[in-house]
Amino acid sequence: MDCLYQKTFNLDWPTVSEIRHILKHVLTAISVKNQDIDAAGLVATEYLTNLLRHSDETARFVQFSMHKLADKQLLIEFKDSMPSYDLFNQQPNQWQIDSGELVEGGMGVALIKHYFPNASYKTVDQQNIFSFCLTNIDKRPTLIYIDDDKAQLALLNAYLSEHFQVICCEDSESGWQEILTSGATILLLDHKLKNGTSEPLLKKLNQSNLKTNLSVVMLTGDDSEELIKRINLLGVDDYLVKPVSKTRLLQSIERIVHRFSALKYLINEERMQTKQKIGEFNAYNFGSIISQNGGDFCMYPHQQQTPVIIGDMMGHGITALKESFAIKGFLSGCLATQIPLIRCFKDTESGTL
């Protein structure tokens with residue numbers, strides 16, 4: 001049994017959100033299906049919130065772990081040494097999911113059993129263990145396909161589903177939401193849509209930081225020189241003229257994915273300069289927008305006399321990245337003016353400057 005993640009938390013309400021974020025990131029990284037990720041997050045939240053409601057406020061510690069089992073299974077486990085609270089026995093499962101009624105406690109039990117019938121709770125050596133298994137972990141990469149032609153969606157979904165987790169969207173708006181939330185690495189889209197073209201979506205994508213993790217293939221019925229030139233300027237990695245065969249489509253996607261992976265590796269290798277000598281000291285950069293490991297940033301000096309500016313953004317994902325870019329841009333502008341700056345230090349305990 002391989003341990004993918006393990007940490008002990010002081011259980012409070014913010015911790016529930018933190019554990020759910022961790023769960024999503026780890027499961028996304030190992031290509032678990034989106035619906036299974038959502039179900040695992042919901043079940044973990046249901047269990048932990050019930051544990052919080054029915055336990056004493058002191059000494060609430062819970063160990064959260066994820067283990068890879070044989071036969072494509074993943075074990076999610078919570079351990080604690082608090083007084084036993086067997087959710088399954090304390091809250092009889094008499095609520096029905098389709099009843100339309102809300103029932104405290106019992107609703108959580110029904111949801112847990114609905115998504116994971118194998119979920120269990122037991123107490124061993126004064127330690128309570130709640131666990132459930134995800135089965136048939138899907139290793140296929142996620143591909144988003146945007147096309148307003150339902151027949152074409154069905155056809156290409158059939159072509160691709162053997163090799164990819166395919167998310168089909170009939171318009172740019174739903175496609176954009178999937179780009180934001182699905183963790184997809186491939187975007188396949190038709191050029192002409194009912195309300196125009198997919199070019200505005202590509203422009204929006206290029207203005208975000210999401211394009212760095214997304215390979216784009218365009219389908220078009222128009223192979224004119226003017227159109228091809230325009231979509232190439234929008235950062236399309238490849239384009240295919242319809243009708244397209246299954247073999248040609250898979251070859252195109254495979255080619256750009258391999259090229260993209262190699263390029264991404266080279267870029268990351270160039271950017272992983274996490275240590276820099278400044279006078280007698282070394283400056284270290286952990287998880288920044290440069291290395292794409294977080295929303296933090298580190299601005300190294302161009303001259304020895306220039307201060308190092310390090311920022312730590314609160315939050316996760318797209319919001320933190322956007323804010324860090326904005327603050328970095330503001331600080332770059334301030335430094336460019338060469339106006340003397342007052343150095344401020346914040347006491348993290350008292351919150352005073």
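Any value given below was found using the heavy atoms of this structure, including those in side chains, with hydrogens, waters and symmetry copies removed.
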**Prompt:** Are Leu52 and Phe61 co-members of a hydrophobic cluster defined by side-chain heavy atoms under 4.5 Å apart?
**Reply:** no
**Message:** Parallel, tilted or perpendicular: which one describes the rings of Tyr85 and His54, with boundaries at 30° and 60°?
**Reply:** parallel
**Request:** Drop me the distance from Leu75's CG to Thr135's OG1, to the nearest 0.5 angstrom.
**Result:** 12.0 Å
**Item:** Salt-bridge contact Asp80-Arg60 (side-chain N to carboxylate O under 4.0 Å)
**Value:** no
**Request:** Check the pair Leu156 / Val166 against side-chain contact (heavy atoms from CB on, under 4.5 Å), numbers first and verdict last.
**Result:** CA-CA 9 Å; Leu156 266 65; Val166 182; over 6 Å; no
**Prompt:** For the side chain of Ser174 and the backbone of Asp171, is there at least one donor-acceptor N/O pair under 3.5 Å apart?
**Reply:** yes
**Request:** Could you verify whether a donor N or O on one side chain and an acceptor N or O on the other, from Asp222 and Ser224, lie under 3.5 Å apart?
**Result:** yes
**Asn118 CG to Cys133 SG distance, which is reported to the nearest 0.5 Å** = 5.5 Å
**Message:** When you measure from the side chain of Lys113 to the backbone of Ala119, do you find a donor-acceptor pair of N or O atoms at a distance under 3.5 Å?
**Reply:** yes
**Prompt:** Under the 3.5 angstrom rule, does the side chain of Asp237 hit a backbone N or O of Ile256 as a donor-acceptor pair?
**Reply:** no
**Message:** When you measure from the side chain of Asn232 to the backbone of Ile228, do you find a donor-acceptor pair of N or O atoms at a distance under 3.5 Å?
**Reply:** yes
**Request:** Starting at CG of Leu240, measure out to CG of Leu249 and round the result to the nearest 0.5 Å.
**Result:** 6.0 Å
**Request:** Sort and list the pairs that fulfil salt bridge (Lys or Arg N to Asp or Glu O under 4.0 Å) and have at least one residue in residues 173-188, not counting sequence neighbours.
**Result:** none
**Prompt:** If you group Ile, Leu, Val, Met, Phe, Trp and Tyr by side-chain heavy-atom gaps below 4.5 Å, do Val124 and Val62 land in one group?
**Reply:** no
**Request:** Take Val236 and Leu202, measure what side-chain contact (heavy atoms from CB on, under 4.5 Å) needs, and give me the verdict at the end.
**Result:** CA-CA 8 Å; Val236 172; Leu202 288 175; 3.7 Å; yes
**Message:** Set out, in order, the CA-CA distance, both residues' side-chain angles and the distance that settles side chain to side chain donor-acceptor pair (under 3.5 Å) for Asn128 and Thr123, then state yes or no.
**Reply:** CA-CA 4 Å; Asn128 309 307; Thr123 301; 2.8 Å; yes
**Item:** Side-chain donor/acceptor of Thr45 to backbone N/O of Gly41, under 3.5 Å
**Value:** yes
**Message:** For the aromatic rings, using the six-membered ring if either is Trp, is the centroid distance between Phe78 and Phe64 under 6.0 Å?
**Reply:** yes
**Rounded distance (nearest 0.5 Å) linking atom CG of Asn206 with atom CG of Leu234** = 6.5 Å
**Request:** Give a yes-or-no answer on whether the side chains of Asn157 and Tyr159 include a donor-acceptor pair shorter than 3.5 Å.
**Result:** no
**Asked** Does Thr15 reach the main-chain N or O of Asn10 with its side chain, forming a donor-acceptor pair under 3.5 Å?
**Response** yes
**Message:** Test of understanding: clusters of I, L, V, M, F, W, Y form through side-chain heavy atoms closer than 4.5 Å, transitively. Do Met66 and Ile129 belong to the same one?
**Reply:** no
**Asked** Backbone N or O of Arg140 within a donor-acceptor pair of the Gln165 side chain at under 3.5 Å?
**Response** yes
**Message:** Restricting to side-chain hydrogen bond (donor to acceptor under 3.5 Å, both in side chains), what partner residues turn up for Ser131, sequence neighbours left out?
**Reply:** Ser120
**Message:** Please say yes or no: joined through hydrophobic side-chain contacts below 4.5 Å, possibly via intermediate residues, are Leu233 and Val217 part of one cluster?
**Reply:** no
**Message:** Less than 6.0 angstrom separating the ring centers of Tyr115 and Phe132, yes or no?
**Reply:** no
**Message:** Side chains of His191 and Glu199 only: does a donor on one sit below 3.5 Å from an acceptor on the other?
**Reply:** yes
**Request:** Output yes when a side-chain donor or acceptor of Ser198 lies under 3.5 Å from a complementary backbone atom of Asp190, and no otherwise.
**Result:** yes
